[in-house]
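To keep things clear, I will list the structure first and then write my remarks on it.
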Amino acid sequence: MSWLPLSFGAPMVLWGLLALPVIWWLLRFTPPKPQMEVFPPLKILARVLRREETPQQSPWWLTLLRLLMAALVVMALAEPVVNPREKLPAQGAALALVIDNGWASAADWRKRVATAERLVADAGSNGVPVVIAFTAEKPNAEIGPFDASAALDHLRAAKPRPIPPDRPAVYARVAAALERLPGASVAVLADGLAAKGDEAAFKTLLEKNAARLVWAASGRTSLTGLTGADNQVDGFALTAIRAPGDPAPAQVTAGAFDDKGRRIADATLTFAPGEATATATMAVPFELRNDFASIALDGEHQAGAVRVLDESSKRRRVGLLSQSEADQAQPLLSPLYYIRRALQPFADLVEPSSADLADAIPQLLDQKPAMIIMADVGTIPEQVKQRLVDWVDKGGTLVRFAGPRLAAAGNDDDLLPVRLRSGERALGGALSWTTPQAVTEFPKNGPFADLSPPSEVTVSRQVLAEPTPDIVERTWATLADGTPLVTGMKKDKGTLVLFHVTPEATWSNLPISGSFVEMLRRVVQLSRNQGAAVANAEAKAASIPPYRMIAADGMLTPPSPDARPLVPGAGPLPVTLENPPGLYGSETGVFAHNLLNASSTFTPLARPQVSLPVTNIAYAFDESENLKGPLVAVALLLMVLDTVAVFWMGGLLTRRPRRVPVATAAAVLVVLGGLFGHADLARADDSKPGDAQAIEDITKTRIAYVITGEPGVDSISRAGLEGLTRFLIEKTALEPGPPAGVDIAKDELSFFPLIYWPVDATAPMPSQAAIARIDAYMQQGGTVLFDTRDQFSNGIGAGSASPATERLRDILANLNVPPLEPVPSDHVLTKSFFILPEFPGRFNGSPLWVEASLDASNTENRPVRTGDGVSPIMITANDFAGAWAIDENGDPMLPTVPPDPMQRVYALRAGVNIMMYMLTGNYKSDQVHVPVLLERLGQ
């Protein structure tokens, strides 16, 4: 980059600025165009006595404007550039551009591409070919030479890969290409991390045909990676690394995610000054740790900061083995009964199909368990013993429980943590002077150290351990007399554990205590799964197909076309383009293949020591900006202002502008309206069938009636609700919409606060589905008013019921009907709008039945004081609709019985009270309590 903030691509053009004085002189003696005016008699007479002035030169401001415009044009032709960049060395026979596009380059890949683009652009301006190669691509990828345009296409098509770079192979191919182009400039855009074979690779690339080295590398390697995430006893142990030698402390936050990408745990790792490793424990419950699918470092957008997890880091698989036959009649005596109950919540239990140890042990080992529990297993067959020993040495956990068979089998130094005395030790028996022993404090060196000793547990029989110098170190639990209850030891990478009692409650009540569950859980957490739980067919296959891959930016993505099945093997598997990091397997089980392992380190890449001329550049975006376009734009703007000024001075802008014809404006509005109208029509009808009716139903409050299918009954129902609607509009502030007839089997019922149901014995019986919809409507807050209209036939509760009442009973038999009672005298229905002692209809005498209060027998605790709910059901026999029904002229359709004009008025008032009750609940009743509430509040 140049030290000047401004430079010019064609500085010789600036000599044109010397012409500005000449332009000023020409403009000074060029008068503007004479101004023409329409004949104004009085204005001319007013100027007769004035001295006429004829302009001989342009105004100073117009001259300055034109000079500025000319200067801008000259400067634009000189191609000025702000923050100009220095030309990069791309001379010679060719430019060889070697770019690391491995995982370490993902975080600032765009900056690396911008740097490479500048190199290619300078090579193109010099007319030299470009050889471009990426160190994390296929071995047969084309590298050129290309012209600058084709090289830019290859550069922009490249992307970072989630694998380490392969410098030796790629550098050898570039060196072979430069044999035909000696004297080339070699630009190395490295990711800053050293790798195996770098020294030989640089020697191959630079020792023969290179004429200059352009070295681009990050000033300081700021990468942070995860090398370990181990599910241990107290949490997930995390290990992160960074480049060594950094004197500044640093903190990084790690997040744990489940298989749906949800963040469920956090941990902070702290790097001490100068330290390259940081550790932390993600202390979360064991059950929650089983949901971890991946762990990633915040702010690190690269594959090394992500670790995917498989079954080896999750729920343990535990194999169960016993020589005793399971007694189906007495399961509590089974040796494995309490073990199964204790382990099922947090372990996957597997058992062999054969009772023969020679077959059962290999069956368990084939399933790669983390732990095997043997319940009173005596001598292990020799043909499978060595395989079991090898399994323990490689990391398996073997837990054995004592019993008569183990006590009689003798010692097994390979599969027992301690040597045993022959026979059993009985406590509290007829020939024993020792009482059953309790469990004392757990030793501090064992996994049970933070557990409280179970005071209720006693041991009456056990197998004893031979006293040895290391017996104390191997004791995890002891009895009150000091004898070991649980012993354990590390054997190579595995663990051996022995409970000196039986797994059932014959020798001790430990298996039926809560401490037994926690002790087994601690032992399970010490174990390690021995392999990924992939599907059986895949587990037996020689390779595992790719499932979810880690991209270079750390995101999980589907497999790329380059991914190939992974062949599992011993030790860390190499990360290649065919086997990128990620999960291999299927939905039934996966194998985690991570980029970094426990032995990974970040070693900064040092620039090779060569005798060639070396130019060091930094990764950066091109911040230079060409001002030619903005200057030309400003010059054009000044030209427009100059034109406007000339028109103004010539008098063209002083004339009254003509009005736009009204017809033209109207035509424009019509066209715009048509366009917007078509746009609206294009997106208009996205409604569904029935939406218009639903909108109509909820626009206003409407009373509904059930369509029974009997024309006479339905017409009276509609006329009655129309009469009640008119009365509501006249007497109250409520303005309901027209009544609606509903088919209870099809129509939506939730839009109506009240449904009037005239019960008719001749109408078809509703289906069970329709009655279920009515039941749901009542349960969700709606109310149904059943009207049998048979007061003078047989009322509700009469000895012999009328057909309508029988039909009502059939309907109510399929509904969840609450207890009912006649409306009490102080119920809110009696005063929700009008004060009413009774609720007559066309007939008078039948009570109105509503839901009974919770304490209906207590006259001091009536429904008005027991809740704010509204009765979901009302029943009458007074034929409300018959009293409300009016014809087209507004006259009553049916007479009342007895023929009392006031009975119809009371019936309409009853309808008003029912609607007010439906819409306000017991709001009116609450007003009774206002004085008492104010008194209690001290008002």
Side-chain angles (χ1 to χ4, degrees), residues 316-365 367 369-381 384-385 388 396-410 412 415-417 420 423-427 436 439 454 457-464 476-477 484-488 496-524 527:
R316 308 297 197 266
R317 295 185 300 283
V318 179
L320 304 182
L321 188 61
S322 173
Q323 285 185 281
S324 299
E325 294 292 337
D327 190 348
Q328 300 296 332
Q330 295 178 313
L332 298 182
L333 298 180
S334 170
L336 297 176
Y337 176 79
Y338 295 107
I339 296 176
R340 292 192 191 98
R341 296 291 299 272
L343 294 179
Q344 279 176 349
F346 52 87
D348 293 327
L349 305 181
V350 293
E351 298 186 43
S353 59
S354 174
D356 186 0
L357 294 180
D359 296 330
I361 292 177
Q363 289 179 9
L364 288 181
L365 295 178
Q367 299 186 59
M371 186 170 77
I372 293 178
I373 298 180
M374 293 184 176
D376 190 21
V377 174
T379 303
I380 297 175
V384 297
K385 179 178 178 181
L388 184 60
T397 300
L398 178 62
V399 180
R400 303 186 68 173
F401 280 84
R405 291 181 179 83
L406 181 64
D412 188 344
L415 297 175
L416 286 174
L420 303 178
E424 306 168 6
R425 177 197 184 198
L427 304 172
V439 180
V457 172
T458 59
V459 176
S460 59
R461 181 174 292 182
Q462 66 172 154
V463 292
L464 289 174
W476 290 1
L485 174 62
V486 182
T487 54
L496 295 174
V497 183
L498 174 62
F499 282 76
H500 291 243
V501 294
T502 58
E504 74 278 355
T506 55
W507 288 15
S508 170
N509 61 350
L510 174 64
I512 62 176
S513 68
S515 298
F516 183 70
V517 177
E518 188 60 31
M519 292 169 73
L520 283 182
R521 175 177 175 175
R522 295 298 178 92
V523 176
V524 169
S527 63

Under the criterion side chain to side chain contact (heavy atoms under 4.5 Å, CB included), which of Leu388, Leu320, Val377, Ile361 is the partner of Ile372? Leu388
Under 4.5 Å between any side-chain heavy atoms of Val524 and Val399, yes or no? no
Close side-chain approach of Val318 to Ile373, heavy-atom, < 4.5 Å: yes
Quick one: NZ on Lys385 to CG on Leu357, what's the gap to the nearest 0.5 Å? 13.0 Å
Looking only at non-hydrogen atoms, find the nearest pair between Trp507 and Ala402 and report the distance. CZ3-CB, 4.2 Å
Would you call the rings of Phe401 and Phe499 parallel, tilted or perpendicular if under 30° counts as parallel and over 60° as perpendicular? parallel
Thinking salt bridges, do Arg317 and Asp348 make one under a 4.0 Å N-O criterion? no
Could you go through Met371 and Val497, starting from their C-alpha distance and side-chain angles, then the distance that decides it, and tell me whether this counts as side chain to side chain contact (heavy atoms under 4.5 Å, CB included)? CA-CA 10 Å; Met371 186 170 77; Val497 183; over 6 Å; no
Please assess Leu485 against Leu510 for the test side chain to side chain contact (heavy atoms under 4.5 Å, CB included), listing each intermediate value before the final yes or no. CA-CA 10 Å; Leu485 174 62; Leu510 174 64; 4.3 Å; yes
Heavy atoms only: give me the nearest Leu364-Val350 pair and the separation to one decimal. CD2-O, 3.7 Å
Would you say the side chain of Pro503 lies within less than 4.5 Å of the side chain of Pro335, judging by non-hydrogen atoms? yes
Check Asn509 against Val457 and note the closest heavy-atom contact, atom names and distance. OD1-CA, 3.2 Å
Side-chain heavy atoms of Phe516 within contact of Ile339, under 4.5 Å: yes
Could you tell me whether the side chain of Leu420 reaches within less than 4.5 Å of the side chain of His500, counting heavy atoms only? yes
If I take atom CG from residue Leu416 and atom OG1 from residue Thr487, how far apart are they, to the nearest 0.5 angstrom? 8.0 Å
Taking the side chain as every heavy atom from C-beta outward, state whether Met374 and Leu415 have any atom pair closer than 4.5 Å. no
Measure the shortest side-chain to side-chain distance between Glu518 and Arg521 over non-hydrogen atoms and say whether it is less than 4.5 angstrom. yes
Shortest non-hydrogen separation from Glu351 to Gln367 and the atoms involved: O-NE2, 4.5 Å
Do the side chain of Arg461 and the main chain of Gly403 share a donor and acceptor less than 3.5 angstrom apart? no
Where is the tightest heavy-atom contact between Gly319 and Pro369, given as atom of each residue plus distance? N-CB, 4.0 Å
Do Ser508 and Gln462 meet the criterion of a side-chain donor-acceptor pair at a distance under 3.5 Å? no
Does Ser353 offer a backbone N or O that forms a donor-acceptor pair with the side chain of Gln363 under 3.5 Å? yes
To the nearest 0.5 Å, what is the distance between CG on Leu398 and CD1 on Ile380? 6.5 Å
Non-hydrogen side-chain atoms of Leu406 and Leu498 separated by less than 4.5 Å: yes
Taking every heavy atom of Ser527 against every heavy atom of Arg316, the minimum-distance pair comes out as O-NE, 2.8 Å
